[in-house]
Amino acid sequence: MLKQRKGWSYGAISAVLIGALAVTGCGKSNEAGGNSGTPPEGNSASKPSAQAEAGPYELKWLKAQDISLPYDASKDVVKQAIEKKLNIKIVPELVDVQQYKTKLNLKMSSSDIPDVARIDFADDFQKYAQQGAFVDLTGLINEKDTPNIMKEVAPEIFEQAKVNGKIYGIPYQGGPGAGYRWNLVMRKDYMESVGAGVPKTLEEYYNLLKKIKAEKPEVIPLGGYTAQIGETKYANNSFDNVFGAFGVTPGFFTEKDGKFSNYDIDPKMREALLFLQKMYAEGLIDKEFATIKEEQLRAKLYSGKLFSWMGWWSTANDYDTQIETSELMKSGKLASDGKLPNQAEEPFKYLKLTGSLLGADGTAVAPSGAPFSQMNAISAKTKDPKKVLSIIEESLSPENQMLTVWGIEGEDYKLENGKLKVDTNLVDPKTQQDKNGNFRGTQSYLFAPGLNGWPHYLESLPLRYSEALDVAISNPHQITDASNYLESPTKIAKMVELNTMRDSVFTQIIMGGDIKKFDDFVEKWNSQGGSQILKELEESFKKKSGK
């Protein structure tokens with residue numbers, strides 16, 4: 001499951017989208033039903049061949065994969081079980097998770113488009129849909145023909161996801177549904193060694209970082225990193241709690257009484273940047289935050305050189321185990337095979353997770369995702385769109401969701417008194433294979449929109465995962481982006497440019513640049529498309545509100 005950052009409308013979400021990648025050759029409006037609920041006569045979509053009906057349907061799939069881990073799709077028994085159950089042949093093209101968006105954009109600009117494309121950013125989805133890249137599903141999705149899809153996605157959600165009044169994709173959330181997914185993570189042992197408790201306010205956190213800096217000069221008080229899912233990353237999540245304590249969060253649009261603005265140009269953002277500048281000057285922020293990658297941050301973490309950071313909820317278990325492994329190596333107490341038993345059902349030993357920090361006025365902001373974070377769209381280049389839609393529909397039956405999410409019953413999981421029990425020891429964490437040499441790609445080949453949450457999801461989580469997720473989704477300060485599902489052509493055309501400018505200026509200010517750069521940025525933001533975006537959002541808001 002890809003990490004969801006700030007919801008669709010944040011053009012950068014956790015990152016800046018590099019370059020305006022135009023779609024060429026994505027299919028004209030009359031190709032494969034690109035702008036019609038019913039494919040045109042003569043198209044293979046309307047007349048699938050007998051051969052196609054008889055044999056497995058071949059489905060091209062662009063699969064995001066952590067390439068640092070071993071994997072061979074041809075030896076994935078869960079993939080094979082899905083293929084047999086749905087009578088399909090999945091042809092996966094593996095791409096590193098950090099390069100997924102870049103690779104997908106290259107695919108979209110060629111004729112080699114996956115049959116089902118997962119789009120992670122609303123602006124990208126709207127752009128591609130308007131350029132004819134996806135099949136118009138408006139007349140194909142309904143209670144009669146696609147009841148499983150309609151059970152997962154309510155009509156009002158489809159309404160929000162429409163582009164120019166038409167349905168071009170199936171909204172997807174995955175996991176437990178929408179909501180905030182990040183925690184402030186700290187080394188519990190370091191915190192205890194300086195006699196401190198868990199901070200609840202930004203002031204308490206700031207004072208704790210200063211104490212860590214004074215008593216453990218070799219440790220970085222607050223770490224950040226620059227890249228995730230292949231995109232330049234700035235501030236989002238690395239400094240979420242600091243921005244949030246000032247009542248702002250980068251990239252989000254706001255609305256009050258029908259008038260729109262953006263936190264990037266909010267006067268409170270200026271105050272937050274000055275505070276971060278102060279923290280940076282005092283050595284409380286990693287000097288390399290603007291250049292290092294996530295894997296480099298992990299190396300600092302594992303070696304004990306990092307006190308706190310913003311962490312995606314599901315990573316804390318592995319990080320805690322890695323830290324314990326490192327500490328045992330230092331003391332010479334690590335087992336001869338270099339392995340630790342599965343720690344997921346044990347309380348965290350080295351980490352402490354907490355939610356938003358309160359600002360001086362007692363408020364905070366946690367940037368939450370939209371009710372859905374992705375879209376699954378059928379390519380206008382696919383040979384049989386109706387067949388592909390039927391595959392998605394079939395995959396969403398309760399039985400098939402259990403297979404695509406959890407794997408093979410009796411092997412990957414079992415149901416005991418209606419409760420899901422996942423076999424966490426089935427796969428060797430080093431080889432990623434079971435005892436028979438099979439890979440088991442659970443939650444890997446998914447069609448399920450999962451707006452209702454994957455079946456049995458929360459009960460399936462081991463102790464550490466459930467604790468981390470609970471801290472994140474229980475954050476009471478969550479907000480959503482006011483521009484979610486609103487239409488703005490200028491936003492699609494200009495947000496990459498505006499976000500790139502923002503990230504450059506904000507980085508310069510944090511690293512000591514003149515705060516006047518912020519005032520200049522606000523003027524440029526407005527003059528270079530921002531004001532027009534706000535105008536278009538207000539018009540779209542009025543239209544959707546029936547005003």
Side-chain angles (χ1 to χ4, degrees), residues 3 5 14 175-176 179-202 204-213 215-216 218-225 228 237-242 244 284-286 289 292 294-331 333-334 339-357 366 424 429 458 461-475:
K3 298 176 184 176
R5 282 85 60 195
S14 67
Y180 195 52
R181 291 290 178 271
W182 297 84
N183 297 310
L184 174 59
V185 188
M186 296 168 283
R187 282 288 296 262
K188 180 168 58 177
D189 52 334
Y190 291 179
M191 192 162 53
E192 292 172 349
S193 72
V194 300
V198 178
K200 295 182 179 179
T201 67
L202 179 59
E204 291 173 355
Y205 179 60
Y206 170 70
N207 290 332
L208 173 57
L209 296 186
K210 289 201 297 183
K211 185 173 284 191
I212 292 291
K213 177 70 175 176
E215 300 191 24
K216 295 181 177 295
E218 76 283 1
V219 174
I220 299 166
L222 172 59
Y225 60 95
Q228 177 178 300
N237 304 126
S238 288
F239 303 138
D240 258 2
N241 262 319
V242 177
L284 304 182
I285 295 174
D286 189 351
F289 86 89
I292 70 169
E294 185 176 11
E295 58 268 24
Q296 294 170 308
L297 177 126
R298 288 197 298 264
K300 293 182 180 184
L301 165 64
Y302 298 159
S303 63
K305 295 180 180 179
L306 188 62
F307 168 66
S308 69
W309 66 98
M310 290 302 298
W312 181 251
W313 72 273
S314 63
T315 61
N317 171 64
D318 291 339
Y319 288 174
D320 198 286
T321 299
Q322 290 286 351
I323 292 171
E324 182 177 6
T325 301
S326 179
E327 293 297 321
L328 289 172
M329 288 179 64
K330 292 177 186 177
S331 65
K333 297 179 180 179
L334 185 64
K339 294 182 180 180
L340 288 176
N342 192 321
Q343 310 282 54
E345 291 289 0
E346 299 182 16
F348 287 108
K349 297 178 181 178
Y350 289 89
L351 302 182
K352 182 64 181 179
L353 285 60
T354 190
S356 292
L357 300 169
T424 57
L458 292 177
L461 296 177
L463 177 64
R464 286 186 179 177
Y465 288 98
S466 61
E467 178 183 333
L469 181 59
D470 183 61
V471 171
I473 65 177
S474 298
N475 191 314

J.: Out of curiosity, L297 CG to W309 CH2, how far, rounded to the nearest 0.5 Å?
T.: 8.0 Å
J.: Quick one: do the S308 and Y205 side chains pair a donor with an acceptor below 3.5 Å?
T.: yes
J.: For Y465, give me all partners under side-chain hydrogen bond (donor to acceptor under 3.5 Å, both in side chains), at least two apart in sequence or on another chain.
T.: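 N317.
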J.: Closest heavy-atom contact between L463 and E345?
T.: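 Heavy-atom minimum between the residues: N-OE1, 3.2 Å.
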J.: Given the side-chain rings of W313 and W182, with only the six-membered ring counted for Trp, is the space between their centroids under 6.0 Å?
T.: no
J.: Go through it in stages, so that I can follow the logic: the residues are V242 and L202, the test is side chain to side chain contact (heavy atoms under 4.5 Å, CB included), and I'd like the CA-CA distance, side-chain angles, deciding distance and then a yes or no.
T.: CA-CA 7 Å; V242 177; L202 179 59; 4.2 Å; yes
J.: Which residues pass the salt bridge (Lys or Arg N to Asp or Glu O under 4.0 Å) test with E324, not counting sequence neighbours?
T.: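 Per chain and number, E324 pairs via salt bridge (Lys or Arg N to Asp or Glu O under 4.0 Å) with K349.
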J.: List in chain and number order the residues that pass side-chain hydrogen bond (donor to acceptor under 3.5 Å, both in side chains) with S474, two or more places apart in sequence or in another chain; answer none if no residue qualifies.
T.: D470
J.: Report the C-alpha separation of L208 and M186 in whole Å, then their side-chain angles, then the decisive distance to 0.1 Å, and conclude whether the side chain to side chain contact (heavy atoms under 4.5 Å, CB included) test is met.
T.: CA-CA 11 Å; L208 173 57; M186 296 168 283; 4.2 Å; yes
J.: Output all residues satisfying salt bridge (Lys or Arg N to Asp or Glu O under 4.0 Å) with D189, sequence neighbours left out; order by chain, then residue number.
T.: R187
J.: Flag the pair Y319 / V185 as yes when at least one side-chain heavy-atom distance between them is below 4.5 Å, and no otherwise.
T.: no
J.: Without swapping roles, check the side chain of E215 against the backbone of K211 for a donor-acceptor pair under 3.5 Å.
T.: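 Not a single qualifying donor-acceptor pair exists.
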J.: List the atom of L284, the atom of L209, and the distance in Å for their closest heavy-atom pair.
T.: CD2-O, 3.7 Å
J.: Out of curiosity, L340 CG to Q322 CD, how far, rounded to the nearest 0.5 Å?
T.: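 One finds 9.0 Å between CG of L340 and CD of Q322.
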J.: Does NZ belonging to K330 count more than 12 external heavy atoms closer than 6.0 Å?
T.: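 Yes, enclosed.
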J.: Y206: what forms a ring-ring contact (aromatic ring centres under 6.0 Å, His included) with it, not counting sequence neighbours?
T.: F275
J.: According to salt bridge (charged side-chain N to carboxylate O under 4.0 Å, His left out), does anything in residues 299-312 pair up with another residue at least two apart or in another chain? List the pairs.
T.: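 Non-adjacent pairs meeting salt bridge (charged side-chain N to carboxylate O under 4.0 Å, His left out): D286-K300, E288-K300.
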J.: Among residues at least two apart in sequence or on other chains, which ones pass side-chain contact (heavy atoms from CB on, under 4.5 Å) with A299?
T.: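 Result, side-chain contact (heavy atoms from CB on, under 4.5 Å) vs A299: none returned.
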J.: Enter the distance from T424:OG1 to N342:CG here, rounded to the nearest 0.5 Å.
T.: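 It comes to 4.5 Å.
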J.: How would you list, by chain and number, every residue that makes a side-chain contact (heavy atoms from CB on, under 4.5 Å) with V219, sequence neighbours excluded?
T.: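 Listed in chain order: Y190, I212, K216, F307.
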J.: For the CG atom of D240 and the CG atom of N183, what is their distance to the nearest 0.5 Å?
T.: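 So the CG of D240 and the CG of N183 are separated by 11.0 Å.
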J.: Taking only residues two or more places apart in sequence, or in another chain, which ones meet N207 in a side-chain contact (heavy atoms from CB on, under 4.5 Å)?
T.: E203, K210
J.: Looking at W312 and T315, what are the two nearest heavy atoms and their distance?
T.: O-OG1, 2.8 Å
J.: Got a donor-acceptor contact below 3.5 angstrom from the N241 side chain to the L357 backbone?
T.: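 Side chain of N241 to backbone of L357, a donor-acceptor pair under 3.5 Å: yes, one is there.
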J.: Who are the side-chain contact (heavy atoms from CB on, under 4.5 Å) partners of Q296, not counting sequence neighbours?
T.: I292, K293
J.: Can you name the nearest heavy-atom pair linking S356 to N475, along with the distance?
T.: OG-ND2, 2.9 Å
J.: Over all heavy atoms of both residues, which pair between M310 and S238 is shortest? Give the atoms and the distance, please.
T.: CG-O, 3.5 Å
J.: Under the salt bridge (charged side-chain N to carboxylate O under 4.0 Å, His left out) rule, what do R464 and E467 come out as? Steps first, then yes or no, please.
T.: CA-CA 5 Å; R464 286 186 179 177; E467 178 183 333; over 6 Å; no
J.: What residue among I323, I220, L222 forms side chain to side chain contact (heavy atoms under 4.5 Å, CB included) with L306?
T.: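 Considering I323, I220, L222, a side chain to side chain contact (heavy atoms under 4.5 Å, CB included) with L306 is found only for I220.
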J.: Taking all heavy atoms of A316 and all of L353, pick out the closest pair and write down the distance.
T.: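 The answer is CB-CD2, 4.1 Å.
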